[in-house]
Every structure is written in structure tokens, then in C-alpha cells.
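This report refers to the structure that appears directly beneath it.
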Amino acid sequence: MDQLPCFDHIDKRRAVLSALLGILKTDGKTLAQVSVSEVCLASNISRTSFYRLFSGVNDVASWYQQYGAELGIHRIGRTFSCFEGHLISLELICAALPLFKEHVHWWNYEFSFPAVNSHVNAMKEVFGERGEPVTPSTLYQFEGISYACHMTVSSWINKGCDITPREMASVLASLYPDELRRVLDKPMRPASSGAIAELVGLIGRDITEA
């Protein structure tokens with residue numbers, strides 16, 4: 001399979017992310033107050049290199065959301081159960097919470113619509129790979145779940161992640177009807193519990209050491 005765009009130049013992308021998080025935490029700035037020049041200086045990359053990776057500072061958050069989705073919820077039914085996939089994506093969000101506090105609102109079209117749409121497409125692809133039919137009713141279920149998951153996570157972020165990622169992953173997994181969990185909770189290539197624990201455990205260090 002071709003490299004996904006969100007994993008292109010991953011070391012440089014993580015360096016930019018770490019620099020931006022450092023500015024947000026240390027300087028107490030909002031995302032809108034951070035300039036590309038500041039991020040370039042802090043991450044030791046040129047403006048040209050930055051714009052090869054991102055369209056602007058806000059795009060770092062959009063990239064990171066997609067990166068987290070690909071590592072977690074887009075692997076549901078492939079290597080993870082509903083709970084496991086959401087847990088990994090939520091742990092990634094928590095590790096970069098300052099980035100999302102300003103960027104995620106109850107409904108931000110530019111950020112939220114692609115997130116919901118990519119979640120729907122991931123489930124459709126899994127069903128296709130498994131030879132399961134995607135009826136109009138199933139598609140509406142995909143759309144409803146994706147929207148509900150995104151809005152629930154947006155609320156969770158706006159409240160400062162007042163419950164743990166593990167508790168929130170249980171909430172999100174409960175949104176999937178039993179007929180879908182029959183497929184999605186039985187991954188084609190299940191990850192071992194040790195591999196899942198290792199990935200969740202490495203998430204914070206992945207970011208801060210980039």
C-alpha cells in the first residue's frame with residue numbers, strides 16, 4: 001500500500017508539532033497568535049520546508065487529527081476493536097491537547113467534516129474488505145456513529161478531557177450497534193494486547209521526543 005500523506009516526512013512533521021506545542025505551553029499563546037516564523041525558528045526548519053508540509057499553523061492540527069485517526073480509529077476492524085482503536089486516537093489527542101483546545105469547536109466545518117467523512121470511509125472500506133454488504137441503512141449507521149463520535153470527542157476536549165481516554169473510548173465504543181460490532185470487534189489481523197499497550201505507552205514520548 002502506498003504511504004499515506006499524513007505519514008510523509010513524519011520526522012519533520014513531528015518536529016513542527018513539538019515546536020508548536022512548546023510555544024503554546026510555554027508562551028501561553030493561542031493557536032491564532034502563533035506565526036509560521038516562530039514555529040520554523042523553534043523547529044529549526046525553513047519556511048520553504050514548513051510550507052511543503054503544511055498550509056499554515058492551523059493545518060498542523062488538521063494533520064495531527066488525521067495522523068491520530070490513521071493510527072487508531074481507521075484500524076478498527078483491521079487490527080483493533082472499536083474500543084482499542086478509539087483509545088489510541090484519544091491518547092494521541094490528550095498528548096497534544098493544547099493544539100486542540102483552540103482548534104476544535106462544536107462544529108468547525110473545515111476541521112470536522114473531513115474527520116467525520118474519513119471515519120465513514122474507513123468503516124466502508126473495512127466492510128468491503130470483509131465482504132460485508134453496505135446497505136443504505138448501514139451507511140446511515142456509519143454516518144450517525146461518525147458524527148456522534150466526533151461531537152462527543154469535541155465536547156470532551158472543550159471540557160478539558162474531564163474523564164480518562166479509557167473511559168471515553170468505552171463511551172464511543174458503546175455508540176456502535178451490535179450488528180456493526182459483530183464485524184468491527186473481530187479484527188482481521190488482531191493486534192496483541194502487548195502491542196496495543198506499547199503503542200498507547202509510546203504515544204506521549206513519540207510527540208515530545210520528535
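None of these values were measured; they are calculated from a predicted model. Residues take their numbers from the sequence shown, with the count starting at 1.
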Item to check | Check ion pair R78-E125 (N to O, under 4.0 angstrom) | outcome: yes
Item to check | Lys/Arg N to Asp/Glu carboxylate O, E84 vs R75, below 4.0 Å | outcome: no
Next on the checklist: Looking at R130, I'd like to know if its CZ atom is crowded, meaning that more than 12 non-hydrogen atoms belonging to other residues, nucleotides or ligands lie closer than 6.0 Å.
Outcome noted: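 Count over threshold, so yes.
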Checklist entry - Does the side-chain contact (heavy atoms from CB on, under 4.5 Å) test come out yes or no for V126 and I76, once each step is laid out? => result CA-CA 8 Å; V126 168; I76 290 172; over 6 Å; no
Next on the checklist: Angle between ring planes, W63 versus Y67, binned at 30° and 60°: parallel, tilted or perpendicular?
Outcome noted: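 Plane angle under 30°, so parallel.
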Next on the checklist: For Y64 and F100, take the angle between the two ring planes, folded into 0 to 90°, and tell me which bin it lands in: parallel under 30, tilted 30 to 60, perpendicular over 60.
Outcome noted: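 Tilted.
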Out of curiosity, [X] [atom1] to [Y] [atom2], how far, rounded to the nearest 0.5 Å?
X    : Y    : atom1 : atom2 : answer
H150 : F113 : NE2   : CZ    : 11.5 Å
L139 : F127 : CG    : CZ    : 11.0 Å
T79  : I196 : OG1   : CD1   : 7.5 Å
H119 : C149 : NE2   : SG    : 5.5 Å
L31  : L20  : CG    : CG    : 6.0 Å
Q33  : E38  : CD    : CD    : 9.5 Å

Between [X] and [Y], what is the shortest heavy-atom contact and its length?
X    : Y    : result
I73  : S89  : N-OG, 3.2 Å
A173 : R181 : O-NH1, 3.1 Å
W156 : D162 : CD1-OD1, 3.7 Å
S146 : V120 : OG-CG2, 3.3 Å
S43  : A15  : CB-O, 3.7 Å

Checklist entry - Counting distance only, does the side-chain N/O of D185 pair as donor-acceptor with the main-chain N or O of C82 below 3.5 Å? => result yes
Checklist entry - Can you check side-chain contact (heavy atoms from CB on, under 4.5 Å) on F7 and L71, steps first, answer last? => result CA-CA 10 Å; F7 290 98; L71 285 178; 3.9 Å; yes
Does any part of the side chain of [Y], heavy atoms only, come nearer than 4.5 Å to the side chain of [X], both counted from C-beta?
X    : Y    : answer
E179 : Q141 : yes
V60  : V39  : no
L172 : L90  : yes

Checklist entry - Are H86 and Y176 an aromatic pair by the rule of ring centers under 6.0 Å? => result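 Here the rings of Y176 and H86 have centres that are less than 6.0 Å from each other.
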Next on the checklist: If the test is side-chain contact (heavy atoms from CB on, under 4.5 Å), which one of L24, I93, V57 qualifies with L99?
Outcome noted: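 In the set L24, I93, V57, the residue that makes a side-chain contact (heavy atoms from CB on, under 4.5 Å) with L99 is L24.
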Item to check | Intermediate values then yes/no, side-chain contact (heavy atoms from CB on, under 4.5 Å), L87 and F80 | outcome: CA-CA 10 Å; L87 175 61; F80 301 137; over 6 Å; no
Checklist entry - Hey, any chance L41 and I45 share a hydrophobic cluster, counting ILVMFWY side chains that come within less than 4.5 Å of each other, even indirectly? => result no
Checklist entry - Under the 6.0 Å and 45° cation-pi test, does R13 pair with F54? => result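 Flagged: R13 positioned over aromatic ring of F54.
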Item to check | Pair T164, E167: side-chain N/O donor-acceptor within cut-off below 3.5 Å | outcome: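 A pair is found: one side chain offers a donor N or O, the other an acceptor, under 3.5 Å apart.
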Next on the checklist: If we count only N and O atoms by modelled type, under 3.5 Å, do the side chains of T152 and S155 hold a donor and an acceptor together?
Outcome noted: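 There is no such pair (donor and acceptor under 3.5 Å, judged by atom type) between the side chains of T152 and S155.
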Next on the checklist: With salt bridge (charged side-chain N to carboxylate O under 4.0 Å, His left out) as the criterion, how do K124 and E132 come out once you've worked through the C-alpha distance, each side chain's angles and the decisive distance to 0.1 Å?
Outcome noted: CA-CA 9 Å; K124 285 168 62 178; E132 295 282 346; over 6 Å; no
